[in-house]
Amino acid sequence: MESSEEDRGEPLSRMAEWRDVTPLPQDDGPNPVVPIAYKEEFRETMDYFRAIYKADERSPRALRLTQRAIHLNHGNYTVWHFRRLVLEALNTDLDEELDFIQRIASSNSKNYQLWHHRRWVIERLGSNARAKELHLIKNILSLDAKNYHAWSHRQWVLQALGGWEDELDYCQQLLEQDIFNNSAWNQKYFVVTRSPFLGGLTAMRASEVRYSVEAVVANPNNECPWRYLRGLYKDDIESLVNNREISSVCSKVINTKNNYIFALKMLLDLLCYGFQPCQEFRDAVVALWTSDTHPLDPDLATAICDILEHVDSLRASYWIWRKNKLPVAA
Amino acid sequence: MESLTSPTVTQRDQLLVEQQVFSLFKTFYNMPPSSQSFMLELQRENHVEYLTNGLKQLGPSFCVLDANRPWICYWILHSIALMDEFVDPELEDNTIDFLSRCEDPNGGYGGGPGQMPHLATTYAAVNSLVTLGGDKALSSVNREKLYSFMQQMKDASGGFRMHDGGEIDVRACYTAISVASLLNILDDKLVQNVGNYILSCQTYEGGISGEPGSEAHGGYTFCGLATMILINEVDRLDLSSLIDWVVFRQGVEGGFQGRTNKLVDGCYSFWQGGIFALIKRLNSTKGERSIPLGDGEDSDPESPRTTASSDATEEGLNKDLSQDDSHSQKDHHDTSSRVNVADIGHNSSKGHAKVNPLFNSLALQQYILLCSQDLNGGLRDKPGKSRDHYHTCYCLSGLSVCQRSWLEDEDAPPLPHAVLGPYSNLLEPIHPLYNVVLDRYQEAHEFYTSS
């Protein structure tokens, strides 16, 4: 969008084009609370906006005015809403609108209104906008790989316009850069469960387990792959319990006697789901217990709760609560 | 750290925060006891001054919150109420007047006079008025119009739009349902399908996301859980996986993070910490009544009992801090003093049942008092960040939750060792579903159920 006279921050009262408009001051009342000491440009712009908004004037100058108002406060949802009404009335080129949003996003990518506006525009542009949009979101994520709005928007674009084909690879790329990025793991789950190009959760499970187990081995203290593994078996506890890869990575990590909290926790969960541990698991857990005065409880799940109460002492209350909820040993 | 490769962004950012926080803690431990006492004090006067000043005047940089002014009112008024301090009656009147100018003639409140009504600012405005209390404030809400505004915001998916043509998410559901419940205008039409929408937002991690598919997040988890409780569908959630997720959001710093592997932030003291207050209520009312709120089926009051302090052991502060031990009491799940919790807050004479908080209350209090306080007034996200009214509100709300986390009843007096620092740090109890001070909730509840 070309820079307009309104963009240059000059007083609207001095512009010929706005002469016919009587600015409408804010009805703050005589003694407002939380009053903001508006700068003159802000106050004046909003006074003119109020006038145009009240008159419901959907004109080119109204459009320019909303741009000026948005620049002064990205969070004014009333202005954004009115801008949409004006865009519709004027049947404006929405590709240019995307550029406008992008310029705003560069200074503030965590603003609800901006992203919502973007969705509105993309909805109207349709699948032609898809590639460019996915690319833009990638750029924003390259600056902040966990931007919540960007990720939600990305998911919306995929569901509304498609583009799933490269998404799993993209997740993998992000995870290569930062295996601790939970947003990327979440996106992975999203793709695996919803992509029309993959077979669905059950079909993808084996490869996803393998990937997650590798991630666990590389960083056993990384919560992400552990939760992801559990998530892969959301509605199929039996298969989780029977998966040798998962139970054996638990004992593998426990045996290192290092960074084993999540491994112990997973083993505890498995036991609660009915996992029947063989001796190697008992041995691994017993090996962690160094106290001579207090013998480890013969029930493995109870023993794990006791260990966790001590090694994850921040969450001691939780582990005591888990212990009290354990199914009574047969 | 295990990995031999160079640290990732997550690891690096986390390490920086840990270093800052632990250096603060180390300085604290090495102080003489008198200095330590001072550091653990809630700087009430300074906080109240900071807050009251904000209510009276805000600088030009606040223009970015020009569409959020009812929120600023709520953050300030609620914080002051938590500290049981007073707002000048003139300022109170001015607030009522100001908020009425934010009210849209067709219902709902906008971010400022003349702005479109918005569910979040409606929530903030109503909570502000409830916090102010009194007939004038409470009667100033046009409930009929507000109901029709909410109806218009209702979406077929079951969720709510924040404003006309606005975004749909779990936050919008919470703000709508919370306000409707508080004002006693909640009905089947508003509630329909909300549960389905929120259920679709519980992720594989156990927490709740803003929209279906997004990442589990503390703010949305609070909103989702509170909403499900308010509409009496909480059992549809997988509560054990939700609890499992949220307990792991508490970090070595003592504070909570909003999402897995993200940084600690003082505001999650409430969004995440408050979840435990909600769960606690559920555990106490389970099996006794299905609707935790409602009109008083007020039974005969239980004979008052004093809180048994003999069972609790006084643990040394340094021990707690240095070992990061939870304050475990041996008498958890004390069912002998189980009360009929008809409506928490309605029945003033009850027994004082004790529970064990599922999170580490003292560790969180330590984070709030030592890391979030700005000694000049106000509270913040983390050391190095600036104070603001939002963080002041939610850090203090979280602190209130912590102090009462060993008690089943929100309005029972906490034991001294439940309160980190001097007992004068004690804040007013909140109603965890709405995050308003409990006795203000009670007044509003009476007002809106009788009128």
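Below, chains carry the letters A, B, ... as their sequence lines are ordered, and counting in each starts from 1. Keep in mind that this is a model prediction, so the values were computed, not measured.
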* Structure fact -> Looking only at B:Gln115, B:Lys262, B:Gln14, B:Arg101, most heavy-atom pairs under 4.5 Å shared with chain A are made by B:Arg101
* To do: To the nearest 0.5 angstrom, please state how far the OG atom of A:Ser317 sits from the CG atom of B:Asn360.
  => 7.0 Å
* **Portion of A:His74 that has a non-hydrogen atom of chain B nearer than 4.5 angstrom** => neither
* Structure fact -> Here the gap from A:His116 atom NE2 to B:Met162 atom CE, rounded to the nearest 0.5 Å, amounts to 11.0 Å
* With a cut-off of 6.0 Å (strictly less than), are more than 12 heavy atoms of other residues, nucleotides or ligands near CD of A:Glu40? -> yes
* Asked: Is a side-chain N or O of A:Thr78 found less than 3.5 angstrom from the main chain of B:Met116, in a donor-acceptor match?
  -> yes
* To do: State whether B:Glu211 and A:Arg154 are salt-bridged, where the test is any N-O pair (Lys NZ or Arg NE/NH1/NH2 against Asp/Glu carboxylate O) under 4.0 Å.
  => no
* Distance only, no hydrogens: is a donor on one side chain within 3.5 Å (strictly under) of an acceptor on the other, for A:Ser183 and B:Glu215? -> yes
* Structure fact -> Looking only at A:Trp226, A:Trp115, A:Trp120, A:Tyr228, the option with the highest number of non-hydrogen pairs under 4.5 Å against chain B is A:Tyr228
* **Audit row: A:Asn186, B:Tyr204, side-chain contact (heavy atoms from CB on, under 4.5 Å) steps and yes/no** => CA-CA 8 Å; A:Asn186 183 75; B:Tyr204 69 90; 3.6 Å; yes
* Do B:Ile76 and A:Val34 touch side chain to side chain, with heavy atoms closer than 4.5 Å? -> yes
* Any A:Phe180 side-chain heavy atom under 4.5 Å of B:Val9 side chain -> no
* **Toward chain A, the part of B:Asp164 with a non-hydrogen atom under 4.5 Å** => both
* Asked: Under 3.5 Å, side chain of A:Asn31 to main-chain N/O of B:Asn94, donor-acceptor pair present?
  -> no
* To do: Kindly indicate, with the supporting measurements, whether the criterion ring-ring contact (aromatic ring centres under 6.0 Å, His included) is fulfilled by A:Phe42 and B:Phe62.
  => CA-CA 11 Å; A:Phe42 187 96; B:Phe62 279 85; over 10 Å; no
* Structure fact -> Bottom line for A:Gln155: the part with an atom under 4.5 Å from chain B's heavy atoms is side chain
* To do: Please flag which part of B:Leu99 lies under 4.5 Å from any non-hydrogen atom of chain A: side chain, backbone, both or neither.
  => neither
* **Under 4.5 Å from a heavy atom of chain B, the part of A:Lys54 involved** => neither
* Structure fact -> Under 4.5 Å to a heavy atom of chain A? For B:Ser128 that would be neither
* Between A:Pro32, A:Gly231, A:Pro35, A:Ala145, which residue shows the highest count of heavy-atom pairs closer than 4.5 Å to chain B? -> A:Pro35
* For each of A:Lys265, A:Gln159, A:Met46, tally heavy-atom pairs with chain B at distances under 4.5 Å, and name the one with the top tally. => A:Lys265
* Reported CG-to-CG distance for the pair B:Asp66 and A:Leu72, which is rounded to 0.5 angstrom -> 10.0 Å
* N-O pairing of B:Asp244 and A:Arg227 below 4.0 Å -> yes
* Structure fact -> Rounding to 0.5 Å, atoms OG (B:Ser61) and CD1 (A:Ile36) come to a distance of 9.0 Å
* Of the listed residues (A:Gln187, A:Arg50, A:Arg194, A:Lys39), which shares the most heavy-atom pairs with chain B below a 4.5 Å separation? -> A:Arg194
* To do: Would you mind checking which part of A:Phe82 comes under 4.5 Å of any heavy atom in chain B, side chain (CB onward), backbone (N, CA, C, O), both or neither?
  => neither
* For the pair A:Arg315 (side chain) and B:Leu358 (backbone), establish whether a donor and an acceptor sit closer than 3.5 Å, ignoring hydrogens and angles. => no
* **Under-4.0 Å salt bridge between B:Asp238 and A:Lys234** => no
* Between A:Leu24 and chain B, which part of the residue has a heavy atom less than 4.5 Å away: side chain, backbone, both or neither? -> neither
* Any A:Leu314 side-chain heavy atom under 4.5 Å of B:Phe359 side chain -> no
* In terms of heavy-atom pairs under 4.5 Å with chain A, which of B:Val247, B:Val64, B:Thr203, B:Asn53 leads? -> B:Val247
* Asked: Side-chain donor-acceptor pair under 3.5 Å between A:Asn182 and B:Glu205, yes or no?
  -> yes
* Asked: Taking side chain as C-beta onward, heavy atoms only, is B:Tyr220 less than 4.5 Å from A:Tyr148?
  -> yes
* Structure fact -> Per-residue tally against chain A (heavy atom, under 4.5 Å) across B:Ala67, B:Cys102, B:Cys63, B:Gly165 peaks at B:Cys63
* Go through the atoms of A:Phe190 and report whether side chain, backbone, both or neither lie under 4.5 Å from a heavy atom of chain B. => side chain
* Asked: Is it true that the side chains of B:Thr10 and A:Asp178 contain a donor and an acceptor less than 3.5 Å apart?
  -> yes
* **Pairwise side-chain contact, A:Asp312 with B:Phe248, heavy-atom cut-off 4.5 Å (strictly under)** => yes
* B:Ser100, part contacting chain A, at a heavy-atom distance under 4.5 Å -> neither
* Find out whether A:Glu223 and B:Arg249 are in side-chain contact, i.e. whether some heavy atom of one side chain is under 4.5 Å from a heavy atom of the other. => yes
* Between A:Tyr112 and B:Asp169, a side-chain donor and acceptor under 3.5 Å -> no
* Determine whether B:Ile72 and A:Val33 make a side-chain contact, defined as any pair of heavy atoms from C-beta on separated by less than 4.5 Å. => no
* Structural part of A:Trp319 lying under 4.5 Å from a heavy atom of chain B -> side chain
* Counting only N and O atoms by type, is there a donor-acceptor contact under 3.5 Å from the side chain of B:Asn68 to the main-chain atoms of A:Gly75? -> no
* **Segment of B:Arg69 engaging chain A (4.5 angstrom heavy-atom cut-off)** => both
* To do: With the side chain counted from C-beta on, respond yes when A:Trp321 and B:Asn356 share a heavy-atom pair under 4.5 Å apart, and no when they do not.
  => no
* To do: State the CG-CD distance between A:Asn219 and B:Gln11, to the nearest 0.5 angstrom.
  => 6.0 Å
* Asked: Can you say whether A:Phe262 sits under 4.5 Å from chain B via the side chain, the backbone, both, or neither, judging by heavy atoms?
  -> side chain
